[in-house]
Structure formats: structure tokens, C-alpha cells
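This report refers to the structure that appears directly beneath it.
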Amino acid sequence: MPMSESTFQRLPTFRLEDYFSRWEFTARHHLTASDAQSMSIGELLALGSDDDRAAFDTLGLGYVETRGGDPLREAVAATYDACEPQDILMFAGAEEAIFWVMQLAVEPGDHVIVPVPNYQAFEAIPLAAGAEVTGVPLVDTESGWTIDLDDVRGALRPNTRVIGMNFPHNPTGAVLDPARWQDLVDLCEERGIRLVSDEVYRGVERDAARRLPQAADLSPTAVSINVMSKAYGLPGLRVGWVASRDHAFLDLLERHKHYTSICNAGPSEFLATVALRAGDRIRDRNRDIVAANVPLVDDLFARYADLLSWHPPVGGSVAFARYHGPEGANRFCRELVEQAGVLLLPSEIYCTPLSDVPDRYFRIGVGRRSVPAGLTALDAHLGRR
Ligand SMILES: Cc1ncc(COP(=O)(O)O)c(C=O)c1O
């Protein structure tokens, strides 16, 4: 094949990350955070044993294994039913995992289906790799956000190689019901399509019964992507992973990881292992924070019902709420951050070549303890209008 046919294209601006570069660390109230409440190294180590604390103090700072050290891969594998440590490959965050998975799962000319709106890397990477990509919309229905499996079936082509999914979904907080999730897994298996499932928000479903089984447990060719950033609230570790029983694909990913991060940071691996062993406690804490914040948002939105409405997240810590004012959500969000220092993500952030999101949505995050203060500032801004 001539070089040009397989050349990876330049990537477009990552609209969400670009907006965050401007505002994430300057706005007074980050009311759109997708990562749950974080903690300090001291708080995290307090969840471990005396041996953990002593071992962290004397930890060496050499390279670690590209696949991830044994204790970490064992702790990750323990979060799956069918996956073993040899089915796990660590990455620097979910972002590096998406970068390689969505590139290497396709050849130029292959077809990929992804949800829209989405975390932009999910569509930008396969597009840059020369794939054709179709977006299947999350639909805002009376009973909540959902994806219609008939839309997924309707988007199928003979050359569809990958279906990407993301439940709990960013930005809508939607979770498919388990029967339809299994239908999707079956559909992929029947057609020889690889299911790539971004599960980074799994574990903070408000009703634990809505937690879906992980794709890599359900199908031997599926790929589950996960990370310490969201449900565990530890994005600063930059520890993510891929779980898959398809070892040929894991080997391919590993050979490409040699060109990006090579391996994780050793201290991060250590701390991630401690966090995973205390995983239930951390996720329960974060679920409680979401559960405490949702009624506060309900309350505020009820008082401004002419302007604001939402479906609370079924899973994860973000929701895609509606703004009904005449100036639209984009202008509302910009004025809000400029005048009141409250950061929300306007719908334009989610407009991409695959998706034209109407100017009436914004993303709100409900996974942090700072949410009440952000809502108070939002309330004051609305009251001044
Ligand atoms: C759906 C989804 N996948 C992946 C990522 C990337 O995660 P990380 O920053 O931990 O690499 C994000 C971050 O917002 C996300 O929302």
C-alpha cells in the first residue's frame, strides 16, 4: 500500500479540552466536572495498609512494565468476571487507550459506528485513521436519554468493523438497559464486529441495579476501556487500561504503546493499586456524593423551570441539561462563566463533523462536593437576570 493511503491525518481541535484549557483552572466554580470527587495522596494511602504506606515511601522511580506491573493488573482483573491479569494492558489514562484502540481496530476504508454526542477522541481518531465513521444519536425522550438499537442496525454497512459505545454515557448520563446491551453484544458477535466499550463512568450508577456487565467479560473480541479518573475520582494518576481476551489485539496495542508513553508512572501504578483494592469504598463514596447533589439540582431547576430542565444521570457524574432561554445555551454558558465564574459546557462543544447539537443543551457535573457552592453561584446569576 502506498504510504499516503495509511497516513494518520492531523487531528482537529479537541473542542472540550480546548474550552477547558481556557476555563478549567480559572473559573471559580467548576460545575461541569466529569471526574468524581478526588482525594489527596495521604487520604488515599489511609485507605491502604501500614505496609502500603511504608512501601510507597521507599518506592523506586525506575521504569515499570509496559503492560503494567503484576499487582496492578491483578487488581484491575479483579474488577472483571471473565478477564484475567493477562487480559489487561495499562495505558496513560483512557485517552491513550482510545488513541490506540480506535486507530488500530480499523484499516483505512473500514466503517465505524459511534454514539453522538461523544467524547471527541472516539470519532476523531478513527476518522484520522482513514475510517468512515457514522454517529448514532443519543435521543432526548420523555423518560430520559437513550440510544435506539434500530438506529445502530440501520447504520450498519458490510464494512463495519467497530461499534464504539460509552455507557454510562458522557455527556447525557444514559445507561442502556441490560437486555438491549446484550442484544448489542450479540449483534457484534454475529457480524464479526469488534465492540469497543468506553466504561470510564461505570461504578457510580445511582441505582446499582443499572450497572452493566463489562463488554470484555461478555465477548472474547470486545475491548473494555477504563480508567482511575472518573468513578474513582483520581484523574491525576493518569492510569487507564484496556481489558480484552483478544491477545493478538492486546499485543498490537502494546507494540504501539512503545511509541507513546512506554509505561505508566510507577508511583501512579502503586497508588492505583491501593485505590482499586479499596474500590468499593471509593465508588460508594462518590455515588453518595452524586445522590446528594441530584436533589439540589432538581430543586434549583424547579425554581427556574421556564429556563432549565434535565434528566439526572442514570450513571456517571454528568448530565446534558436543557436551557430554554431565547439567547440559547451557548451564549448563556459564556455569560455565566464570564460574569459569575461558573463553568458549564455549552452544546457547541459537542458539535463535530458527525453531530450538530441544538443550541439548547449544556453539560453539568454532579460528582463533586463543590457542587452546592456552584449551584448557589448559578442561582445568584439567574436571580440577577
Ligand atoms: C467518555 C470518556 N472517555 C475517556 C475519557 C478520557 O479519560 P482520561 O482523562 O482519564 O484519559 C473521558 C474524559 O473526560 C471521557 O469522558
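Positions are given from 1 along the sequence. All ligand and atom numbering here is 1-based and tracks the order in the structure. Everything numeric here is computed off the predicted structure, so don't read it as measured data.
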*asked:* Under a 3.5 Å cutoff, is there a donor and acceptor pairing between the side chains of Ser224 and Gln214?
replied: no
*Under the ring-ring contact (aromatic ring centres under 6.0 Å, His included) test, residues paired with Tyr361 that sit two or more places apart*: Trp145, Phe320
*Ligand-side contact atoms (ligand 1) for residue partner Asn166, heavy atom cut-off under 4.0 Å*: 1 (C)
*What residues, two or more places apart in sequence or in another chain, satisfy side-chain hydrogen bond (donor to acceptor under 3.5 Å, both in side chains) together with Trp100?*
Thr260
*asked:* What I want to check is whether the side chains of Asp35 and Tyr232 have a donor and an acceptor closer together than 3.5 Å.
replied: no
*Below 4.0 angstrom from a heavy atom of Gly93, which ligand 1 atoms are there? Numbered from 1 as shown, please.*
11 (O)
_Polar proximity ligand 1 side, Tyr119 side, N/O cut 3.5 Å exclusive_ = no
_Contacting atoms of ligand 1, where contact means under 4.0 angstrom from a heavy atom of Ser34_ = 14 (O)
*Between the side chains of His311 and Asp140, does any donor sit under 3.5 Å from an acceptor?*
yes
_Which atom of Pro117 lies closest to which atom of Val357, heavy atoms considered_ = CB-CG2, 4.2 Å
*Go through ligand 1 atom by atom and flag the ones less than 4.0 Å from a non-hydrogen atom of Ser229.*
8 (P), 10 (O)
*Find all atoms of ligand 1 within a distance of less than 4.0 Å from any non-hydrogen atom belonging to Ala94, and give their numbers and elements.*
4 (C), 6 (C), 7 (O), 8 (P), 10 (O), 11 (O)
*Atoms in ligand 1 with a heavy atom of Val227 nearer than 4.0 Å*: 10 (O)
_Atom indices of ligand 1, in the order listed, that fall short of 4.0 Å to a heavy atom of Val200_ = 1 (C), 2 (C), 3 (N)
*Around atom 1 (C) of ligand 1, find the nearest protein heavy atom and jot down its residue, atom name and distance.*
Asp198 OD2, 3.3 Å
_Among Val114, Val196, Leu156, exactly one meets side-chain contact (heavy atoms from CB on, under 4.5 Å) together with Ile163. Which residue is that?_
Leu156
_Heavy-atom contact check, 4.0 Å cutoff: does Lys230 meet ligand 1?_
yes
*asked:* So if I count the atoms of ligand 1 from 1 in the order they appear, which ones are less than 4.0 Å from some heavy atom of Ile98?
replied: 3 (N), 4 (C)
*Contact between Arg238 and ligand 1, counting heavy atoms under 4.0 Å?*
yes
*Honestly, is Arg194 close enough over Phe249, meaning NZ or CZ under 6.0 Å from the six-membered ring centre and within 45° of the axis?*
yes
*Return yes if a side-chain donor-acceptor contact under 3.5 Å exists between Arg368 and Asn293, otherwise no.*
no
_Close approach, Tyr201 and ligand 1, non-hydrogen under 4.0 angstrom_ = yes
